[in-house]
Enquirer: 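Have a look at the structure that comes next, please.
These numbers were taken from a predicted model, which means no experiment stands behind them. Both counts, for ligands and for their atoms, begin at 1 and track the order of listing.
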Amino acid sequence: MITTALIVAAGRGQRMGDTDAGPKQYRTLCDRAVLAHTVSKFQRLPHITDIQVVIHADDSELYREALGDTANDLPPPVTGGATRQASVMAGLTAIAARASPPDRVLIHDAARPFVTAEEIEAVVNAISPGVGAISAIEVVDTLKRAGPDKTEPTILETVSRAGLWRALTPQGFQLDDILSAHRRAARSGQSFTDDASIAEYAGLRVRLVAGDPANTKLTVARDMDEARIRQSANMTTSATPQAWPDVRTGTGFDVHRFAEGDAVWLCGVSVPHSKRLDGHSDADVGLHALTDAILGAIGDGDIGQHFPPSDPQWKGARSDQFLIDAARRVRALGGVISNVDVTLLCEAPKIGPHREAMRVEIGRIIDVDVARVGVKATTTERLGFTGREEGIAAMASATVILPPATSLPR
Ligand code: MG
């Protein structure tokens, strides 16, 4: 059974605006053209034998550029017509003229790069002789029909959404079914906006297969912006590292010795103890380690460089301002702090009763959800300086996500 994916890429994309930027299917979505993303979704699927793209007569160059080496794996593109309907008809006619024409065809819009393998498989499996299948989504919003005034539209009536679905692509058919339907539609001179309408017109049954809400059609400029954000979030499986979100980790370590006192500052919380921690600032060993972890993630020096102990203005300072500054440096790069984790090493005081307060405080200082903040403690089995209760050590790590290709401070 041969199944061809017929990808319709002949449109001019007038609703996208900025016509100088060219048709939307050739615009860049992170690392490559929209069309290249769409084609890739149909490659290496067990249900799809080959991919045939239909392009506009003017776009041969754009097509080669968009697909690069992938174009060598595909049959030469078919030239479309003046309307989508005519372009599909041209594609169907071309594949039907092959030495071994496909049994089934899946017609898909090039401007739907987020189609999923599950949808494609479900549509293919629902096709049978005389029965087509399309990816579609049940309408959940209340529908309004507007009156004739287009500049200030008002509601004429509410339309029942019962039984209504939005038609997406892919739309799949037996090739001979849909080709004869298209021929009939062409002879009638009527125009249709999708292939399922043509199938209905020709009396075919068409099944509705629940589609993926992510399978949107890039139509207006804002769709392209949203698509770029979604694509960069999906990039972990893609091939071009320059377009991946730039995920970085940093580590920090700090030690402060005990001195006479009655409380220690740890992770922004004052914990009653028989000693205090000695240092130039409030000696919050946890926040110092964490500040260095965040600075390390963005390669921006360390706490001592930005807040020198030799500078009297930091004497007795609360350490939250060091951490606030580190978080600010991340945001200045357009980044976000994904998570932080602190480990305190001490025999005493007991950290457990204060752990939640510490997580909340760190989350507040760096403006990150508490679920993204870890605070843990361990003893060192009475070994070493922490075991002898001469001081407290802290380790920390931070994960920071920067936009693709951020240039970091040197
Ligand atoms: Mg320190």
Enquirer: Output yes when Arg205 and Glu200 qualify as a salt bridge under the 4.0 Å nitrogen-oxygen rule, no when they do not.
Expert: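 Glu200 and Arg205: not salt-bridged.
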
Enquirer: Which residues satisfy the ring-ring contact (aromatic ring centres under 6.0 Å, His included) test with His273, sequence neighbours excluded?
Expert: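 With neighbours one apart ignored, the set is Phe258.
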
Enquirer: Show me the pairs that pass ring pair (Phe, Tyr, Trp, His ring centres under 6.0 Å) and involve residues 283-304, at least two apart or across chains.
Expert: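 Only His256-His288, His288-Phe322 qualify under ring pair (Phe, Tyr, Trp, His ring centres under 6.0 Å).
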
Enquirer: Regarding Asp50 and Arg98, does a basic nitrogen lie under 4.0 Å from an acidic carboxylate oxygen?
Expert: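 Salt bridge flag = yes for Arg98 with Asp50.
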
Enquirer: Any salt bridge linking Asp262 with Arg276? Criterion: basic side-chain nitrogen under 4.0 Å from a carboxylate oxygen.
Expert: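 Looking at Asp262 and Arg276, the cut-off is not met.
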
Enquirer: What residues form a ring-ring contact (aromatic ring centres under 6.0 Å, His included) with His182, not counting sequence neighbours?
Expert: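 None.
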
Enquirer: Everything protein-side that's N, O or S and under 2.8 Å from the Mg ion (ligand 1): list it, residue and atom.
Expert: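 Short answer, with waters excluded from the count: Asp254 OD2, His256 NE2, His288 ND1.
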
